[in-house]
Number of protein chains: 2
Amino acid sequence: MRLTTKGRYAVRALFCLSKYTDEKPTPLSVVAKDQDISLNFLEQLFVHLRKNGIVSSVRGPRGGYRLAKKPKDITIGEVLRAVGEATYPVFCTEDDIPNNKQCPRADECVTHLLWIKLGKTINDFLDSTTLEELYQFKPE
Amino acid sequence: MRLTTKGRYAVRALFCLSKYTDEKPTPLSVVAKDQDISLNFLEQLFVHLRKNGIVSSVRGPRGGYRLAKKPKDITIGEVLRAVGEATYPVFCTEDDIPNNKQCPRADECVTHLLWIKLGKTINDFLDSTTLEELYQFKPE
DNA sequence: TATAACTTGACTATTATTGTTAGTTTAGCA
DNA sequence: TGCTAAACTAACAATAATAGTCAAGTTATA
C-alpha cells in the first residue's frame, strides 16, 4: 500500500511552484532542477494537473506553469487523484466503477465495508490537508 | 496506493478461521475453498501469520491452523504487517529503515512529514480495528 | 523567426505482484 | 508399519504496474 512516484512527485512539484508566487509563470525546467525530477516525467504529470484545473500554463518563451488556485484551496487529495493516484486502498471500493465491473463478492464480502471505511479515513485526511499546510510541515 | 492481495487475502482467511472456533484446527484446504483462494498462496501467507503469533499450527492429518488469540485481540494492522503489507504510504516513513538507508531528502523534504502524518492516520485506523469487528461489517 | 516552452504518443527497462511447481517433513490412523 | 493428510520450504515464472525515455511535433513571443 504505497503511493506511486506519480503522486509523490506531483505534490513536491506543486509545492515547488507555490514558492514562486510572483506574476511570472515558472518553467518546468526550474521545477525539475529544484526537485531533481526528470523533465519529461514532470511534463506528463502537468498535463493532468492542468486538465484538472490545478495549474494554468503559458506557452512560448518566458512561459511556464502557475497555480490556478491559492495553495490553501488545493488539497493533497485532488492533486493525487488528478495524476491518477488511487486514494482508495482496494479496487472494489472506488466510486467510479461501472456497474458491470463491480466486485462480484461485494455482497458477501465481509472485508468490503472495512476497506471502504479505511478509504474514507484516508480521503478525509487527504481532502482536509492543503498545499499551504505543507509549509507548516517544513523542517526549519 | 492499493493494498496488495497478500493483505486482502490474509484478512479474509483469518476471518474465515474465526468462524470455526471449535477446538479442532482448520486445514487451509477448507479456507481455500471457502474464500476461493489458491491453497499454495494461503500456505505462504500462513507461514508469516504463524511466525508473528497470530495463528498456531498443528501438523499432520487432522491438523490445520487455529487463531492464537481471540478475534478481539487481533488487529487488522498487525495482520497486514505480518504478511509484509506496507501500512505506511511511502518508503521513507517506515519505522524500520536502517539508518544508513534513510531517505537522503528527509531533512529538506517538505512532504516527509505529510506522509508520516498520513501513515499515522492509516495505522491508527488499522490498529484500532480488530478481526472481531469484521462481523459488524458483515452485510446481512 | 528562432527559441524556449508546452503537447502528444509510443516505447521500454525494471520491479513487484501473484501466483505455480515440486518437493520435504510431520504425525494420526488402519 | 506403512499410508495419507496436512504443514512446511524454496525455487521459479507469467503478468502487470511502475517509472521513466525518446521522438516528433505545436505554439507563442521576445
Side-chain angles (χ1 to χ4, degrees), chain A residues 1-13 17 20 23-52 54-66 68 80 83-86 88-91 94, chain B residues 1-13 17 20 23-52 54-68 80 82-86 88-91 94:
Chain A
M1 203 169 114
R2 300 272 195 206
L3 285 167
T4 65
T5 51
K6 277 194 287 191
R8 289 183 285 117
Y9 283 16
V11 172
R12 278 168 54 201
L17 264 200
Y20 303 104
E23 58 295 330
K24 287 183 300 181
T26 308
L28 288 189
S29 55
V30 169
V31 178
K33 189 166 287 178
D34 187 273
Q35 294 290 321
D36 193 26
I37 298 174
S38 137
L39 175 58
N40 288 299
F41 199 53
L42 272 183
E43 285 173 343
Q44 287 182 35
L45 296 179
F46 272 72
V47 168
H48 298 289
L49 293 173
R50 185 176 57 77
K51 286 183 178 166
N52 282 274
I54 294 169
V55 298
S56 59
S57 63
V58 177
R59 309 183 76 162
R62 303 288 186 102
Y65 284 99
R66 249 192 291 253
L80 296 183
V83 295
E85 180 79 59
Y88 274 88
V90 297
F91 178 69
E94 290 285 339
Chain B
M1 203 169 113
R2 301 272 194 205
L3 284 165
T4 66
T5 51
K6 277 194 287 193
R8 290 183 286 117
Y9 283 17
V11 173
R12 277 169 53 200
L17 263 199
Y20 304 103
E23 59 293 332
K24 288 183 300 183
T26 307
L28 289 189
S29 54
V30 169
V31 178
K33 189 165 289 181
D34 188 272
Q35 293 291 322
D36 193 25
I37 298 174
S38 136
L39 175 60
N40 291 299
F41 198 54
L42 273 181
E43 284 172 343
Q44 286 182 36
L45 297 179
F46 273 72
V47 168
H48 298 288
L49 293 174
R50 185 176 57 78
K51 286 182 179 165
N52 283 274
I54 295 169
V55 297
S56 60
S57 65
V58 178
R59 305 184 74 162
R62 303 287 186 103
Y65 286 98
R66 249 192 291 252
L67 294 183
L80 295 183
V83 295
E85 179 79 60
Y88 273 89
V90 298
F91 178 70
E94 289 286 340

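Keep in mind that what you see is a predicted model, and the values were worked out from it rather than measured. Order of the sequence lines fixes the chain letters, A, B, ..., with proteins taken first and strands second; residue numbering starts at 1 for each chain. Computed from heavy atoms alone, side chains included, the values below leave out hydrogens, waters and symmetry copies.
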Kindly indicate whether the side chain of [X], heavy atoms from C-beta on, has any atom under 4.5 Å from the side chain of [Y].
X: A:Val31; Y: A:Ile37; result: no
X: A:Tyr9; Y: A:Arg12; result: yes
X: B:Thr5; Y: B:Phe41; result: yes

Between atom [atom1] in [X] and atom [atom2] in [N], what is the gap in whole Å?
X: A:Leu28; N: C:dT7; atom1: CG; atom2: C1'; result: 12 Å
X: A:Leu45; N: D:dT18; atom1: CG; atom2: C1'; result: 13 Å
X: B:Arg50; N: D:dA6; atom1: CZ; atom2: C1'; result: 13 Å
X: A:Lys33; N: C:dA4; atom1: NZ; atom2: P; result: 13 Å
X: B:His48; N: C:dT18; atom1: NE2; atom2: P; result: 14 Å
X: B:Ile37; N: C:dT17; atom1: CD1; atom2: P; result: 17 Å
X: B:Leu42; N: C:dT18; atom1: CG; atom2: P; result: 14 Å

- Query: Between B:Arg2 and D:dA17, does any side-chain N or O lie under 4.0 Å from OP1 or OP2?
  - Reply: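 Indeed not, no polar side-chain atom of B:Arg2 lies that close.
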Closest of D:dT9, D:dA6, D:dT4 to the B:Lys51 side chain is D:dT9
Which atoms of nucleotides 19-25 of chain D (N or O only) lie under 3.5 Å from a protein N or O atom, and what are those distances?
{"unit_1": "D:dA19", "atom_1": "OP2", "unit_2": "A:Thr5", "atom_2": "N", "d": "2.7"}
{"unit_1": "D:dA19", "atom_1": "OP2", "unit_2": "A:Thr5", "atom_2": "OG1", "d": "2.6"}
{"unit_1": "D:dA19", "atom_1": "O5'", "unit_2": "A:Thr5", "atom_2": "OG1", "d": "3.1"}
{"unit_1": "D:dG20", "atom_1": "OP2", "unit_2": "A:Tyr9", "atom_2": "OH", "d": "3.1"}
{"unit_1": "D:dT21", "atom_1": "OP2", "unit_2": "A:Ser38", "atom_2": "OG", "d": "2.7"}
{"unit_1": "D:dT21", "atom_1": "O4", "unit_2": "A:Gln44", "atom_2": "NE2", "d": "2.5"}

When rounded to the nearest 0.5 angstrom, what distance separates CG in B:Leu80 from CE in A:Met1?
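With rounding to 0.5 Å, CG (B:Leu80) is 8.0 Å from CE (A:Met1).
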Closest to the 5' end of DNA chain C, once A:Val47 and A:Met1 are matched to their nearest nucleotides, is A:Val47
Across all chains, not counting sequence neighbours, the side chain to side chain donor-acceptor pair (under 3.5 Å) partners of A:Ser57 are none
Hits for side-chain contact (heavy atoms from CB on, under 4.5 Å) against A:Ser29, two or more places apart or cross-chain, chain-then-number order -> A:Pro27
### Query
What's the shortest heavy-atom distance between B:Gly84 and B:Lys6, and which atoms?
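Result for this residue pair: O-NZ, 4.4 Å.
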Heavy atoms only, 4.0 Å cut-off, all strands: where does A:Phe46 land among base, sugar-phosphate and nothing? nothing
